[in-house]
There are 2 protein chains.
Amino acid sequence: MLNIATTTAVSKFSCPPAARAAAAFKTDADSPRHIADTLKMLNDLLAPQRRVVHTGDVIYQGGERFGTLYILNSGFFKIVNQSADGREQVVGLKFRGDWLGFDGIARGRYSCDAIAMDTGEVWAIPYATLIAACADQPSLLTLLHEAMSREIAHDRDSLMSVCTLPADARVADFLRYWAESLAHRGMRTDRFTLRMTRAEIGNYLGMTLETVSRALSKLARDKVIAFNEKGRRDVNIPDVAALSAFVQRCLAPAPTLQ
Amino acid sequence: MLNIATTTAVSKFSCPPAARAAAAFKTDADSPRHIADTLKMLNDLLAPQRRVVHTGDVIYQGGERFGTLYILNSGFFKIVNQSADGREQVVGLKFRGDWLGFDGIARGRYSCDAIAMDTGEVWAIPYATLIAACADQPSLLTLLHEAMSREIAHDRDSLMSVCTLPADARVADFLRYWAESLAHRGMRTDRFTLRMTRAEIGNYLGMTLETVSRALSKLARDKVIAFNEKGRRDVNIPDVAALSAFVQRCLAPAPTLQ
DNA sequence: CGTTCGATTGAGGAAGATCAATTAATGTGG
DNA sequence: CCACATTAATTGATCTTCCTCAATCGAACG
């Protein structure tokens, strides 16, 4: 297990947990409608160039000159970071309505690769065009900042998962996140296809593919998920809340039977 | 060790390493001058409200209503994320010139705590004021976007460190990052004070305080760092490059002596 | 129909967590 | 300024989790 018992060491200066209502403010109240509206607005105001992509297509690559941001209209992407010494790390997953390319603004070069994991459509928006349009249309700027802010907040949640959850819980939390991302976009969440290999999931979560496989088997044994007859890549999640409960069970060390 | 050998599994679609010059584009070419200029510009254009802080002061807290961004003029902050079930995670460290509060834009509430680790001064800039000023002053908008982009890119690097480096290397990489942050701000890097306890460092890096302590002892044994006579919180780093070399040594499993 | 790639599962080992004891720094009241 | 209490850091011994290595099985594909 990881360093779960460090709460006291760090919370020296923070307020008692009760005072902040158990971080319930983190629940995302965004409706599926919102994403559709956002896409419509971007489409109407910017008439972005559309591009159909297929699995494996690379939209941009680390080191390439930055110039345009992308919006994902459909499909599914992974964002891969690469270190100078050749380590590779999946650092993000992108769904419909998500933006791609923010990392390029600071240095004028993209710092990651954006790779399609499925057939889909991305909209290309030159950064300069976007900024110009924002001058007339303040709501566009709000949109942009909210998207960047959301990405920052989510990256921090990812770091927390990797640092504080044991392997089984991390996999469960990953599935929960995926299901909620789908739900949030109005898609069915009780049955979907993982478009990543165990190796990719493991890389994203900081564990080996074998550990991912074992965790999934355990989740299936515990009836928290079920594999579709179609293959082990299709997952049934009858109850998303059961995934959260599983995470909590992993965190409670002893079954507290006294 | 962690999942270091996953390169093949993920790199299926990416170009050969040679094609991108070993990600050398990640080197930060920013000068100390740049940060001072940025601060001056913000000061001149926005006349931000200044506030002196001391160790332990909380600038904002997760759940609080968002309204203002902060710029750190001096001192040192940690950003702490808290999950609904009470886990706490240090997700970021902030130095002079860094912005605080981006995570609040998306939901209208901050999603983390910002806690001072030293005496310092922050400048408060109401978000609305900033946006209004950006209308007249496009360079201000550029500044803002670059700062957000930088934060996104750095968060991804953090995730990669946690996911791909063994504990010793992670501590070394942490010290390297700290030293470079200081160098980048024109401060001396050969000798500085860690303003965090081992528990806080461990939490940030996803390991226990004991592991941090052992890693530091090993770094000292290997002469990569030295402890100041003043106490174990003061570190001497004669050569920052030696830290990078140490990280590489941790990644090379066998000494390749054949 | 064989080849290849992905997934599963088991056995053994290693990195790091946990538990515990000791020492060093920091602070407090007399 | 000193005895004392408190917190932080170090180090060792043991144990757990997860990684590594390896074999098997299933699915997809040419």
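Convention: sequence-line order gives letters A, B, ...; per-chain numbering from 1.
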What is the nucleic acid contact for A:Arg214, judged by heavy atoms within less than 4.0 Å: base, sugar-phosphate only, or nothing?
base
Contact between A:His54 and A:Asp57 at the side-chain level, heavy atoms closer than 4.5 Å - yes or no?
yes
If the plane angle is over 60° it's perpendicular, under 30° parallel, otherwise tilted; pick one for A:Phe95 and A:Trp178.
perpendicular
Could you state the CG-P distance from B:Asn228 to C:dA24, rounded to the nearest angstrom?
17 Å
Residue closer to the 5' end of DNA chain C, A:Glu210 versus B:Glu210 (nearest nucleotide):
A:Glu210
d(CG, B:Leu205; P, C:dG16) in whole Å:
12 Å
Min side-chain heavy-atom separation B:Arg221-B:Ser217 under 4.5 Å:
yes
Ion pair B:Arg191/B:Asp234, N-O distance below 4.0 Å:
no
Return whichever of A:Thr211 or A:Arg233 has its heavy-atom-nearest nucleotide of DNA chain C closer to the 5' end.
A:Arg233
Can you confirm whether the side chains of B:Ser161 and B:Ser158 place a donor and an acceptor under 3.5 Å from each other?
no
If I take atom CE in residue B:Met207 and atom P in nucleotide D:dC18, what distance separates them, rounded to the nearest angstrom?
16 Å
Of the options C:dT8, C:dA20, C:dA17, whose atoms approach the side-chain atoms of B:Thr208 most closely?
C:dA17
Polar atoms only, N or O, under 3.5 Å: list the protein pairs with nucleotides 27-30 of chain D and their distances.
none

Under 3.5 Å, is there a donor-acceptor pair between the B:Arg87 and A:Thr164 side chains?
yes
If we count only N and O atoms by modelled type, under 3.5 Å, do the side chains of A:Arg96 and A:Asn73 hold a donor and an acceptor together?
yes
Are a donor atom and an acceptor atom from the side chains of A:Trp123 and A:Glu121 found within less than 3.5 Å of each other?
yes
Without decimals, in angstroms, what is the distance between A:Leu209 CG and D:dA22 P?
15 Å
In whole angstrom, what separates A:Leu165's CG from D:dT17's C1'?
15 Å
In whole Å, I'd like the distance from the CD1 atom of A:Ile201 to the P atom of C:dG6.
13 Å
Shortest side-chain distance from A:Phe227, nucleotide among C:dA20, D:dA9, C:dT8:
C:dT8
Which nucleotide in the list D:dC18, C:dG16, D:dA22 gets nearest to the side chain of B:Ala167?
C:dG16
B:Arg198 CZ - C:dA24 C1' separation (whole Å)
12 Å
At a heavy-atom distance below 4.0 Å, what parts of residues 215-225 of chain B sit against DNA chain D?
B:Ser217
Can you measure A:Asp168 atom CG to D:dC19 atom P for me and round it to whole angstrom units?
11 Å
When you check the side-chain N and O atoms of A:Asp157 and B:Asn81, is any donor under 3.5 Å from an acceptor?
yes
